[in-house]
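Report on one structure; see the data block that follows.
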Amino acid sequence: MGTEPRAVTPPNLRECKVRASILLKDLESSEPSRATRAAERLRALPAFSRLSPGELLARRDSVRRKHALAVIAHEHGHASWAELKQALGEEEAPPRLDTEAFFARNRGAFLNRWFSSYAEALASLRERGGYLFPFREQFFITDASFLAALGVDPSDADWARMGFNWVEPLDTAARDRLEQKLIALGYAS
């Protein structure tokens, strides 16, 4: 029985993104050891290198997906996410809103309305108002205070133009403009 090392298959872009998402979830974990390990990994970035893991955990709301992607790139021997993408030689689709990342922050502080079907969510939106988003196989409707807590302007005229409906917007150009604003805030997939 030999102990030949197995060839390590380099990750693809999708796998790297999944690893970045896991890193962010670990950072948000209620398990101190898991969150601390994530903080230690993030300290590889110059922006966080002078912070202790505890200090970084205290500022975890400032950590964005771009930071997690940079850590993954660093761990694979690249200076940046852009360099890793180039090395993998894969074309990347334009960034899209990541509703899981969008919803993951402040989720416990708000009472959103959840639906298993789009028809139910749409009926509730028409009856009670709010902002409708998809989330995995479900839908949720939130209110303006949720968006404001995430740094999003709930009074942006594009919300009304798109009918407050992310799934089937009345005006797709309005949704596209809002999506770019949300991506700029760090909610990209």
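What you are looking at is a predicted structure, and each value in this text was computed from that prediction instead of being measured. The figures here come from the full heavy-atom set of this structure, side chains too, leaving out hydrogens, waters and symmetry mates.
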Joining Ile, Leu, Val, Met, Phe, Trp and Tyr whenever any side-chain heavy atoms lie under 4.5 Å apart, the cluster holding Ile22 also takes in Val18

Tell me every residue that passes side chain to side chain donor-acceptor pair (under 3.5 Å) with Arg59, counting only those two or more places apart in sequence or in another chain. none

Do the non-hydrogen side-chain atoms of Arg65 and Trp81 ever get within less than 4.5 Å of each other? no

Which pairs pass side chain to side chain donor-acceptor pair (under 3.5 Å) with one or both residues in residues 35-49, sequence neighbours excluded? Arg41-Glu75

Which residue pairs satisfy the ring pair (Phe, Tyr, Trp, His ring centres under 6.0 Å) criterion with at least one member in residues 24-73, sequence neighbours excluded? Phe48-His67

Walk me through whether Asp158 and Asp176 qualify under side chain to side chain contact (heavy atoms under 4.5 Å, CB included). CA-CA 9 Å; Asp158 279 337; Asp176 292 346; over 6 Å; no

Sorted by chain and number, sequence neighbours left out, side chain to side chain donor-acceptor pair (under 3.5 Å) with Asn165 holds for Tyr118

Gap separating the CG atom of Asp171 from the CZ atom of Arg161, nearest 0.5 angstrom: 7.5 Å

Under the side chain to side chain donor-acceptor pair (under 3.5 Å) rule, what pairs show up with a residue in residues 139-155, not counting sequence neighbours? Asn112-Thr142, Asp143-Ser145, Asp153-Ser155

About how many Å separate CD of Glu168 and CE of Met162, when rounded to the nearest 0.5 Å? 11.0 Å

To the closest 0.5 Å, what do you measure between CG (Leu69) and SG (Cys16)? 8.5 Å

List the steps and the verdict of side chain to side chain contact (heavy atoms under 4.5 Å, CB included) for Leu178 and Trp166. CA-CA 10 Å; Leu178 284 169; Trp166 200 266; 4.0 Å; yes

Partners of Lys66 by salt bridge (charged side-chain N to carboxylate O under 4.0 Å, His left out), sequence neighbours excluded? none

With sequence neighbours excluded, give me every side chain to side chain donor-acceptor pair (under 3.5 Å) pair touching residues 129-139. Glu100-Arg136

Arg19 side chain reached by His76 side chain, heavy atoms, under 4.5 Å: yes

According to side chain to side chain donor-acceptor pair (under 3.5 Å), who are the partners of Asp156, at least two apart in sequence or on a separate chain? Lys181

With a 6.0 Å cut-off on ring centres, are Trp159 and Phe164 close enough? no

Same hydrophobic cluster for Val167 and Phe135, using side-chain heavy-atom links shorter than 4.5 Å among ILVMFWY? yes

Atom CD1 of Ile72 and atom CG of Leu13: how far apart are they, to the nearest 0.5 Å? 11.5 Å

So the ring pair (Phe, Tyr, Trp, His ring centres under 6.0 Å) pairs with at least one residue in residues 13-40 (sequence neighbours excluded) are none

Hey, can you pull the donor-acceptor pairs under 3.5 Å for the side chains in residues 121-129, sequence neighbours left out?
from	atom 1	to	atom 2	distance (Å)
Ser124	OG	Arg113	NE	2.9
Ser124	OG	Arg113	NH2	3.2

Side-chain heavy atoms under 4.5 angstrom apart, residues restricted to Ile, Leu, Val, Met, Phe, Trp, Tyr: same cluster for Leu150 and Trp114? yes

Taking C-beta and beyond as the side chain, do Asn12 and Leu88 meet within less than 4.5 Å on heavy atoms? no

With sequence neighbours excluded, residues passing side chain to side chain donor-acceptor pair (under 3.5 Å) with Ser80: none

